[in-house]
Amino acid sequence: MELPKTCASAVLLVLSALGACAMDTYVAAVYEHNVVLSEDTEVPVSSEEALMLMEKNIAILEAAVKEAARQGANIIVTPEDGIYGWVFTRETIYPYLEDIPDPQVDWIPCVHPGRFAPSPVLERLSCLARSNSIYVVANMGDKKPCNSSDPRCPSDGHYQYNTNVVFDSEGKLVARYHKYNLFVTEKQFNYPKDPGFVTFNTSFGYFGIFTCADILYHDPAVVLASRFQVDTILFPTAWVNTLPLLSAVQFHSAWAMGMGVNFLSANTHNSTLDMTGSGIYAPDGPKAYYYSTEMDNGHLLVTELSSRPRLSPDYPAAVNWTLYASQTKQLPSNKHAFSGVIYHDLFSFTELTESEGNCAICQPDLCCHLSYKMVEKQQDEVYVLGAFDGLHVVEGEYYLQICTLLKCPSTNLSTCGQPVEMAQTKFEMFSLSGTFGTSYVFPEVLYSGVQLAPGEFEVLTDGRLRSRAPTSKPVLSVTLFGRWYEKDPPHTHQASP
Ligand SMILES: *[C@@H]1O[C@H](CO)[C@@H](O)[C@H](O)[C@H]1NC(C)=O
Ligand SMILES: *[C@@H]1O[C@H](CO)[C@@H](O)[C@H](O)[C@H]1NC(C)=O
Ligand SMILES: *[C@@H]1O[C@H](CO)[C@@H](O)[C@H](O)[C@H]1NC(C)=O
Ligand SMILES: *[C@@H]1O[C@H](CO)[C@@H](O)[C@H](O)[C@H]1NC(C)=O
Ligand SMILES: *[C@@H]1O[C@H](CO)[C@@H](O)[C@H](O)[C@H]1NC(C)=O
């Protein structure tokens with residue numbers, strides 16, 4: 001009789017120890033960084049010069065890490081390209097790269113510098129994490145020697161990867177992720193052979209990581225959220241805002257809601273290139289975000305999040321994205337339909353001519369339905385309902401199904417779909433739905449001034465994106481952004497140089 005009792009108390013002991021360590025909530029930080037750029041990224045520099053530039057950026061990131069730690073943050077995410085900038089060639093990025101070992105080597109660079117190849121940047125980042133007792137997420141370049149025994153090996157004898165690294169609060173390297181979906185302009189880097197599904201556990205949840213354009217594709221992004229069921233995604237990015245549907249805060253917050261994960265997005269800041277928009281997003285809406293085209297300094301966001309959002313009573317229920325629209329009898333009167341282009345895709349539009357009503361618009365297999373009521377119809381402002389069902393082919397190939405209510409830049413209907421940042425019309429209510437063929441739909445609501453609408457809208461389990469109350473600001477767009485991954489062409493690999 002003695003044995004079971006001992007076992008039971010041992011189990012209790014272990015459970016209570018785990019209970020003491022596991023945190024229900026944690027404090028997350030993201031830093032939007034105005035990167036100090038090299039004078040000329042077309043001319044090769046020495047590794048000393050490269051390090052001097054990287055030190056300038058790390059000094060700025062260090063101040064953000066210290067401030068985040070002072071505010072109690074457990075983890076901080078810094079942006080893609082945040083240590084050396086962008087627009088390099090394969091040759092000119094080389095002096096900035098370090099050979100980053102697999103985290104399985106169990107290495108604290110701050111404590112054992114020089115255990116591997118020279119790694120001044122890894123050492124600095126590791127020490128930042130260790131001396132401030134905070135997880136640090138950064139983006140840098142990895143180089144990996146290869147030779148002719150590998151048919152993919154580039155002719156200069158090494159791979160170059162756009163890489164995220166994560167250090168735990170003791171400075172140990174715990175994650176290394178090579179960006180799988182490079183943007184078309186990133187000629188300085190190689191595609192990894194296969195997508196990496198990089199995860200790690202902490203006392204404040206299960207984490208996954210990917211980078212920038214990865215968010216548009218299935219691997220590894222969707223797999224981390226839906227198969228691995230991570231709690232939080234870490235997302236360094238250098239995102240150029242592309243209104244009306246793909247500005248950073250708008251799309252990243254919508255992805256977090258659509259996939260049901262926490263999402264920590266750190267963007268670079270460059271007003272010339274329209275790069276701004278960082279945030280801390282939860283499955284039920286944005287917790288903190290930043291968007292500024294006026295300031296030219298960095299910006300730190302710090303806020304509390306649930307460690308295990310899937311266990312929270314507020315966790316959104318599963319949505320059938322087609323249920324409501326597929327039962328709607330109302331047929332579209334396409335006689336006033338016209339075409340317009342959003343970011344190279346040919347949408348079908350119909351104008352909202354009245355101050356309230358129901359309307360619909362279809363493209364081959366997608367019908368979009370809208371019920372709406374404006375507070376007041378402005379004479380000098382035009383809104384349309386739009387639908388797109390097709391393969392997007394510019395700067396990446398991916399299949400889209402989109403229903404969108406949006407403001408046109410002018411009363412000239414030919415401008416509908418072009419970017420616009422300001423509006424005057426508030427809505428009493430809106431309810432948008434579509435007959436989606438995919439179950440991956442990201443709900444976006446964007447207000448005048450590229451502002452989000454936390455708490456002001458909801459997604460019903462029948463697939464309606466609906467206002468909860470009259471909008472507090474004028475509306476730029478309300479969108480169901482669907483991605484039909486099964487219809488994407490196969491992942492393309494960059495040819496070796
Ligand atoms: C080439 O790569 C193979 C496999 O990594 C390795 O075993 C071999 O030693 C390398 N050869 C040279 C000349 O580096
Ligand atoms: C981390 O935790 C998740 C679930 O909480 C589990 O599925 C996964 O196997 C764990 N991973 C590791 C590496 O311990
Ligand atoms: C933005 O980046 C470009 C280089 O791509 C640079 O020329 C420009 O000065 C930067 N703008 C600001 C405001 O920092
Ligand atoms: C969603 O609703 C549609 C229409 O009623 C139905 O055909 C479909 O099976 C449902 N999908 C799921 C995943 O339940
Ligand atoms: C309407 O806008 C289109 C596209 O911007 C432009 O080409 C056209 O000239 C405009 N028409 C008028 C009447 O302003």
Side-chain angles (χ1 to χ4, degrees), residues 14-15 18-19 21-24 26 75 102-106 135 166 168 172-177 196-209 220 223-234 243-244 258-262 305-312 315-329 338-344 346-347 349 351 365-369 380-382 384 386 401 403 406-420 433-441 459-465 480 482 484-486:
V14 168
L15 280 180
L18 276 177
C21 292
M23 297 154 58
D24 290 339
Y26 71 105
I75 186 166
D102 187 313
Q104 281 184 350
V105 297
D106 198 4
Y135 278 70
V166 184
D168 74 8
K172 188 168 98 174
L173 179 67
V174 293
R176 178 192 67 180
Y177 168 71
F197 304 104
V198 175
T199 62
F200 61 95
N201 280 320
T202 69
S203 57
F204 48 97
Y206 187 26
F207 285 75
I209 188 164
V223 176
L224 289 172
S226 56
R227 178 146 30 101
F228 286 79
Q229 300 254 305
V230 298
D231 299 302
T232 301
I233 295 284
L234 305 169
L243 286 170
M259 297 306 302
V261 287
N262 291 328
L305 278 176
S306 169
S307 301
R308 302 267 180 199
R310 292 171 206 276
L311 304 182
S312 150
Y315 192 68
V319 176
N320 183 330
W321 288 104
T322 195
L323 187 54
Y324 182 82
S326 62
Q327 290 172 351
T328 303
K329 288 286 169 287
F338 60 98
S339 297
V341 173
I342 298 183
Y343 192 43
H344 312 283
L346 193 62
F347 277 64
F349 289 131
E351 185 184 350
D365 294 320
L366 176 69
C367 283
C368 304
H369 295 268
D380 57 353
E381 211 162 43
V382 169
V384 291
Q401 281 197 321
C403 292
L406 54 82
K407 185 201 134 122
C408 302
S410 74
T411 53
N412 173 350
L413 292 181
S414 305
T415 65
C416 294
Q418 292 173 17
V420 54
S433 61
T435 56
F436 291 96
T438 175
S439 50
Y440 296 101
V441 178
V459 173
L460 305 186
T461 53
D462 64 10
R464 274 177 289 171
L465 167 56
L480 290 167
W484 199 337
Y485 301 107
E486 292 87 344

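Because the structure is a prediction, the values reported are computed rather than measured. Just follow the structure's listing: the first ligand is 1, and inside any ligand the first atom is 1.
Atom CG of L346 is separated from atom NE2 of H344 by 13.0 Å, given to the nearest 0.5 angstrom. Here the straight-line distance linking atom CZ of R308 with atom OH of Y206 works out to 9.5 Å at 0.5 Å rounding. For the atom pair CD of Q327 and CG of D462, the computed distance is 8.0 Å after rounding to the nearest 0.5 Å.
For the residue pair S306/Y26, the side-chain donor-acceptor check at 3.5 Å is not satisfied.
Side-chain contact between D24 and F204 is absent, with no heavy-atom pair separated by less than 4.5 Å. Taking 4.5 Å as the limit, some side-chain heavy atom of F338 sits within range of a side-chain heavy atom of V384.
Between N320 and ligand 4, a contact under 3.5 Å exists for at least one N or O pair.
Between the side chain of R464 and the main chain of G434, no donor-acceptor pair closer than 3.5 Å is present. Judged purely by atom type and a 3.5 angstrom limit, T328 uses its side chain to pair as donor or acceptor with the backbone of Y324.
Listed by number with element, the atoms of ligand 5 under 4.0 angstrom from any heavy atom of N412 are 1 (C), 2 (O), 3 (C), 8 (C), 10 (C), 11 (N), 12 (C), 14 (O). Within ligand 5, the atoms closer than 4.0 Å to a non-hydrogen atom of S414 are 1 (C), 2 (O), 3 (C), 4 (C), numbered from 1 in the order shown. For ligand 4, the atoms closer than 4.0 angstrom to any heavy atom of S326 are 4 (C).
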Return a table of N or O atom pairs, ligand 2 on one side and protein on the other, at distances under 3.5 Å, rounded to 0.1 Å.
from, atom 1, to, atom 2, distance (Å)
ligand 2, 2 (O), N201, OD1, 2.9
ligand 2, 2 (O), N201, ND2, 2.7
ligand 2, 5 (O), R308, NH1, 3.4
ligand 2, 11 (N), N201, ND2, 2.7
ligand 2, 14 (O), N201, ND2, 2.9

